[in-house]
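Let me begin by presenting the structure, written as structure tokens, before commenting on it.
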Amino acid sequence: MITCPCCTHSFEPEAPAALGLTGRQRKLLVFIKGYLAENDGVAPTFNEMKDFLGLASKTAIHHLINELDERGAIRRIRGKTRAISIVGGSA
């Protein structure tokens with residue numbers, strides 16, 4: 001069970017193993033899905049994701065987001081901030 005530090009909502013990781021996601025990628029994917037659901041489709045900022053995972057650098061979030069995009073778990077609109085959507089039932 002993962003608890004969001006922003007809203008204290010709990011999420012159960014459900015990402016399929018077929019995507020080959022790491023634990024950190026799965027945790028971020030579940031956080032993004034919950035955040036989108038609670039915020040009318042608006043994605044979290046890189047700072048919010050960084051804080052949720054307890055990372056020191058937004059660069060690490062950038063890499064995780066790119067990996068989720070490459071694996072087909074999320075879709076991003078290039079050149080737009082906070083434009084992330086979950087693909088299918090990825091999380």
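Below, each value reflects all heavy atoms present in this structure, side chains not excepted, and no hydrogens, waters or symmetry copies.
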Do Ile65 and Ile32 touch side chain to side chain, with heavy atoms closer than 4.5 Å? yes
How far does OG1 of Thr45 sit from CG of Asp51, to the nearest 0.5 angstrom? 7.5 Å
Residue pair Ile86, Leu29: steps toward the side-chain contact (heavy atoms from CB on, under 4.5 Å) verdict: CA-CA 8 Å; Ile86 302 295; Leu29 182 60; 3.6 Å; yes
Side chain proximity check, Ser85 to Ile74, heavy atoms < 4.5 angstrom: no
Within the structure provided, determine whether Met49 and Leu55 are in side-chain contact (heavy-atom separation under 4.5 Å). no
How many angstroms lie between NZ in Lys50 and OG1 in Thr59, if you round to the nearest 0.5 Å? 10.5 Å
Could you grab the distance from atom CZ of Arg75 to atom CG of Leu68, nearest 0.5 Å is fine? 13.5 Å
For residues Leu36 and Lys33, determine if any side-chain heavy atom of one lies less than 4.5 Å from a side-chain heavy atom of the other. no
So do the side chains of Ile77 and Ile84 get within less than 4.5 Å of each other, counting heavy atoms only? no
Give the ring-plane orientation class for His62 versus Phe46, where under 30° counts as parallel, over 60° as perpendicular and anything between as tilted. tilted
Could you state the interatomic distance from CZ (Arg82) to CZ (Arg76), rounded to the nearest 0.5 Å? 13.5 Å
Checking Glu70 side chain against Glu67 main chain: does a donor-acceptor pair fall under 3.5 Å? no
Distance from Lys27 atom NZ to Leu21 atom CG, nearest 0.5 Å? 14.5 Å
Check Arg78 with Asp69, please: is the shortest side-chain N to carboxylate O separation under 4.0 Å? yes
